[in-house]
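Lettering of chains follows the sequences in order, A, B, ..., and the numbering in each one begins at 1. Keep in mind that what you see is a predicted model, and the values were worked out from it rather than measured.
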Amino acid sequence: MTDIADRQKLSYIAAQAADARLNVELETEGMTLNIGPQHPATHGTLRIIVRLDGEQVIWAEPSAGYMHRGYEKLTEVRTFPQVTALVNRIDWLGSFANEVPFILAAEKLMDIEAPPRAQWIRTILFELSRIANVSLFLGDLGVQLGAITPVFMAFRDREHVLNLIEGATGGRFHPNFDRIGGLKDDLPAGWIAETKQVMKKLRNFCDEIENLLFGNEIFQSRLRGIGVIPAEVAKQYGLSGANLRASGVDWDLRRDQKLPLAYDKVDFKVWTHPDGDSFARCWIRLQETREATLIVDQLLDGIPAGPIMAKVPRIIKVPEGEAWVSTENPLGEMGYYVVSKGELGPFRVKIRSASFNNISIVPWVLRGVYVPDVISILASLYFILGDIDR
Amino acid sequence: MSALLAVDLPYWAQSLLRVLGGTVAVLLPAGTIVYLFLFKMMSFMQSRLGPMEAGPYGSMQLFAEVGKWLQKEDIAPERADLAVFRFAPLVVLMSTFLLVAVVPFGPDAYFTQFDAGVFYLLAVSSISTLGILMAGWSSANKYSLLGGLRAAGQLIAYELPMVLAVLGVVIQAGTMNLQAIVVKQNTDAIFGWHGIGFPYILTQFVGFLVFMIAVQAELTQTPFDMPIAESELVSGYMTEYSGFRFLIFFIAEFATAGVFALIASVLFLGGWGVPFSWFGWTTDTNSVANWMNVGGPLIMFTKMMVLTGIIMWVRFSYPRFREDQLQRFAWKVLIPISLVNIMLTAILKVAF
């Protein structure tokens, strides 16, 4: 941790040297390698064009858009309640979290607020989808680095969380549960006790992963000091979420903004790490999964009674206006800029998804690294392809 | 093997037996390792059941898999160097067969035996490098090329610690003949106590560790599996292979794991002998009961399973190194350690 400045300097020098090598046009010819669109490390169809000198990357560029589904345009021909079914599929591992900011934006325009019980359940499901999402990251991280066992543990324990989400909402991956003014249903009987059990299992899973992966010397030597992103650069590229906090920026929308969610009722720690390297990003996510289980536990204890739906008209027409709401989603800041012309559906929706901004740093961070580090850096930046190509 | 089971056989029969024996000695460990470790142990470690349907406990899964691979179309990339591309898997498998040729399984149960046995096996184990490099180059695929080059760099780097680790045993035994090394380990005494013979793992423990690490790298198993690296190079040099050529790579990988475990048990664990020599060791192989030609292979097989179990255990639980870290580990850690080991062995050999 002490020689972090040296490492940053070194990676800067490596990048400069890579530029110089391009400029002087050496006799050797770089090899252009397409990592993707079909490549196991890209979680889908991201294409990263890298130019290699041996195994060293001298130039890299992500080329997104192979899975573009046009959600921003599609929302214009949907009514407001229908949009949640679409945006569910943006970050498909933490679906419920995608619905919340859109619903909050619509509620802001209509100037209504969900009743407290709905807010609490929303927050619980939000955190559960964070756990489902990030626990899979923790397993997948192992696969990217060549350890095949952790991913099965991740699948095993994510299953419990998915069962909880299914129990509450009826959908494992795409709940489509959030409604303008509240939620579709109340929690089923016995759900709270079961959730507490599962949260205990998830904390065990975090300990297991910490022992199996994070304590491993090879794992540490693969990630420490690799892909260092200093705080200023991270801010300049618009990183958010764990990627930003790993660079030492204490910024968490759950804590830093006032939204009609229950985060101000619970006591939680926002983890940051001074290093900004790949290890820091992975470590932050591990801690956040653990923190999320604690948040859920606290919320379950204090869940208020009452209705789960505010009074909303049967046919929802959102008054004219514009609203921006963003939340701290599993992958980072996710926001919706909703423009309404007073009709049944939105006039225009701009989706700010976390992964799209997070991978914008790829050309900067990949210069001068080796091919195996390309994979580990991409894994630690953690993007979901649906979140890049909305 | 001129006197296999104390029966004199004509030359053609001996040759036939050797070929059959070699095939068994390569395929049986490969099959057992794949079923027991790759299918079952890995599944239990990953909270799965593994194959369950084909045969009792999925034991016929192996044959189903082989049948599947044999049915597949043998595809070669359009711009591949066809002759090299097709020959490469055979080169890799050939190295396995050449390795097993010098491994002694019993007093008379060996395929061939000569005084430069250790030298020979270290030499032929590098042939697989050639096959992998051929496969990587001829596939006309950038990922394969990267994998092949990584493999070449890695296998050459790890050849050296392996040689140096074995040297300790050679110094201590005073011979390079593998059968003689086995005899020596079973007839020597620890300070006059003949109970368990003198397996060299006791004195050459450092050498044993270095050897096993080098074997892990030589086999391109997980902490050192950069040449294959599914998540980076998709499958490295094997990317373009399908059908029975892929099967040959696959068999060669696991058969070589078995053969290296056999070699490790010959060099460090007393080979086909067992402690408390109740079957009549005194000085040489002539004093051993003839039925050890059947019992010896079983003992070797047991030792092999223990060692491959360790190899596979590491494989399933570790992440992989980066290429430069691997080279650094070989040159800066393993080689100095094994050099010190050789020096100490030589000094102690002279002293005692």
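At a cut-off of 3.5 Å, with distance as the only test, a side-chain donor of A/Y382 or A/N133 sits close to an acceptor on the other residue. Under the 3.5 Å distance criterion, with hydrogens and angles disregarded, a donor-acceptor pair is assigned to the side chains of A/R203 and A/T293. B/D225 and B/Q221 form no side-chain donor-acceptor contact under 3.5 Å, judged by distance and modelled atom types alone. A/S376 and A/S278 form no side-chain donor-acceptor contact under 3.5 Å, judged by distance and modelled atom types alone. A/N243 and A/R285 share a donor-acceptor pair across their side chains, judged by distance under 3.5 Å alone.
Both the backbone and the side chain of A/R222 come within contact range of chain B, with heavy atoms under 4.5 Å apart. Looking at A/Y370, only its side chain comes within 4.5 Å of chain B, counting heavy atoms on both sides.
For the pairing with B/Y241, the ring-ring contact (aromatic ring centres under 6.0 Å, His included) check across B/W69, B/F246, B/F85 returns one residue only, B/F85.
Contacts of residues 130-145 of chain B with chain A at a heavy-atom distance below 4.5 Å involve B/K142, B/Y143, listed in sequence order.
Looking only at heavy-atom pairs under 4.5 Å with chain A, the residue among B/M45, B/R48, B/R150, B/Q46 that has the most is B/Q46. In terms of heavy-atom pairs under 4.5 angstrom with chain B, the leader among A/P150, A/P372, A/G142, A/A379 is A/P372. Interface check for chain B: of the options A/I148, A/L213, A/I35, A/V151, the most heavy-atom pairs under 4.5 Å are formed by A/I148.
With salt bridges taken as basic N to acidic carboxylate O contacts below 4.0 Å, none links A/D157 and A/K201.
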Please lay out, stage by stage, how B/R315 and B/E253 fare under the test salt bridge (Lys or Arg N to Asp or Glu O under 4.0 Å). CA-CA 13 Å; B/R315 174 194 165 118; B/E253 185 182 342; 3.2 Å; yes
